[in-house]
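Reading through the structure tokens given below for one structure.
It should be emphasised that the depicted structure is a prediction, and the values quoted were computed from it without experimental measurement. Just so you know, residue 1 is the first one in the sequence shown, and it goes up from there.
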Amino acid sequence: MKLSARIAAPVAALVLAGLTATACAPQTSDTSAKGDEKSGTLRVWLFQEVGNKPKEKVVNDAVAAFEKSHQGTDVEIEYIPVDTRAQRIKAAFNDPKSAPDLIEYGNSDTAGYVKDGGLADVTAEFGAWEEAKDTDPIAKQSVTVGDKVYGAPFFVGVRALYYRTDVFKELGIEPPKSQAELISTAKKVRKAKPDLYGLAVGGAYTYGAMPFIWSHGGEIAGETDGTYTSAINSEKARKGIEAYTSLFGDDNCPAAKCASMGGNATVTAFASGKAAMAIGGDFSHAAVEAGSVKGKYAVVPLPGIAPNSIAPAFAGGNNIGVLKSSSHRTLAVELMKSLTSKKTQAEMFDAMGFLPTYTDVLDNAAKKQPFVAPFVQTLGAGAKFVPASPAWGQIDASLVLPTMFQEIVSGRKDVAQASDDAAKKMDAAFTDAG
């Protein structure tokens, strides 16, 4: 295996769930490969993680096995920074000669990349792959546009409720079992311990807010015959927005401090001992373990509206896809299978904590590491996904939903006006995307 000398320096932080490009490549001309070479060098772009060495080892082992079984083939791995991936991938789509054969990409980017003509349709190969039959349906949805498959899921990420066991014990309270209890518990903690946020929330934490909208029966958008329309201003969605924004204030998480916080900031607040609860992902576990609350916390599914129910969570994660321009299609698909196989995903879980996308491998991971159980329960309860529209990347990058939340918690707009304005922006993006 050839490891590129152009490996990028680690970025400051990596949001593992719901990675979304900050820009979308324009529609390109036909980038289809003109051949299918059965030997040569395969180039792969993977994301650079914070603490990338464990990932490199797993990838190296998978690549070594692939090269051994495919004589005459070399694999060149390049780890690219997540924060500049949009520009790199845009350039690759527009210049096939310099493009890699495979890329790792955030699962909310799928529809946009398909529209841009960058990803190869691997429906037939995925359907014939024996291991793929055990793929979690939500994970498979993240590589599907229409009825075609454009890659293989690499890992999945969901969020649950982290809480301080020492604080709860001291105050004689139990983990909340409904959304109403979650809100009242957060405010109870804040009243008893004003130096803590009851529940750390963020005005820029889109994926932490979505469960509130979904649990009330709201949706981000609706789809009819492939056309999307915003649903963020429906009555049910507004109830969820009201529930989430009610947590911004001096009685829980002051708007002046919390309105600008994103997901990483809320998890950091919890890990550093500044919050009694936080909505964090399975991928947040390492950061929390490295914080001052190590040994003083537990995780339960984020509660829904009904007692003992689980709120729908966003199913984030990453995929690996073959570029349409690859001149090694057959080999590239085989390497995609190797990098996303059950064996590789099990090893990646052990190395990085990334949740596997196969139901059987995921169950084994939960048995091996108890902390995984609440996240597996959340997936099993029915996680949800963002609109499978190429417009989503623009909507997310334009901070449409964070702006809506911040306008509400700052008092500049009420829920009705802010959600109506957000809906107009979303619909404009959906229209532009076609």
Ion pair [X]/[Y], N-O distance below 4.0 Å:
X: Lys342; Y: Glu131; value: no
X: Glu37; Y: Arg329; value: no
X: Arg238; Y: Asp420; value: yes

Between [Y] and [X], is there a side-chain donor-acceptor contact under 3.5 Å, judged purely by atom types and distance?
X: Asp225; Y: Thr227; value: no
X: Asp95; Y: Ser98; value: yes
X: Ser234; Y: Glu219; value: no
X: Ser338; Y: Ser341; value: no
X: Ser398; Y: Gln394; value: yes
X: Glu56; Y: Asn60; value: no
X: Asn233; Y: Ser419; value: no

| request: Applying ring pair (Phe, Tyr, Trp, His ring centres under 6.0 Å), run through Tyr163 and Phe168 and close with a yes or a no. | output: CA-CA 8 Å; Tyr163 72 96; Phe168 276 48; 4.9 Å; yes
Decide yes or no for [X] and [Y]: does some side-chain heavy atom of the first lie under 4.5 Å from some side-chain heavy atom of the second?
X: Lys294; Y: Val288; value: no
X: Arg159; Y: Thr378; value: no
X: Tyr162; Y: Val267; value: no

| message | Name the residue from Leu302, Val300, Leu182, Val201 that meets the side chain to side chain contact (heavy atoms under 4.5 Å, CB included) definition with Met277. | response |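 Filter result, single survivor: Leu182.
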Could you tell me which non-hydrogen atom of [X] sits nearest to which non-hydrogen atom of [Y], and how far apart they are?
X: Ala139; Y: Ser142; result: O-OG, 2.6 Å
X: Phe66; Y: Leu335; result: CE1-N, 3.5 Å
X: His328; Y: Asp36; result: C-OD1, 3.5 Å
X: Met352; Y: Lys55; result: SD-N, 3.7 Å
X: Tyr105; Y: Gly321; result: CE2-N, 3.7 Å

| query | In terms of ring plane angle, is the pair Phe154 and Phe354 parallel, tilted or perpendicular, where the classes change at 30° and 60°? | reply |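 Ring orientation, 0 to 90° scale: perpendicular.
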| task | Dump the intermediate steps for ring pair (Phe, Tyr, Trp, His ring centres under 6.0 Å) on Tyr228 and Phe430, then the final yes or no. | result | CA-CA 6 Å; Tyr228 283 86; Phe430 288 134; 5.8 Å; yes
| request: For salt bridge (Lys or Arg N to Asp or Glu O under 4.0 Å), just list the numbers for Lys57 and Asp61, CA-CA rounded to whole Å, side-chain angles, deciding distance to a tenth of an Å, and then say yes or no. | output: CA-CA 6 Å; Lys57 183 180 185 308; Asp61 290 345; 3.3 Å; yes
| task | Report the C-alpha distance between Tyr113 and Phe93 in whole Å, list the side-chain angles of each, state the deciding distance to 0.1 Å, and finish with yes or no for ring pair (Phe, Tyr, Trp, His ring centres under 6.0 Å). | result | CA-CA 9 Å; Tyr113 288 175; Phe93 288 173; 5.4 Å; yes
| NZ of Lys274: more than 12 outside heavy atoms within 6.0 angstrom? |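 Check fails, neighbour count at 12 or below.
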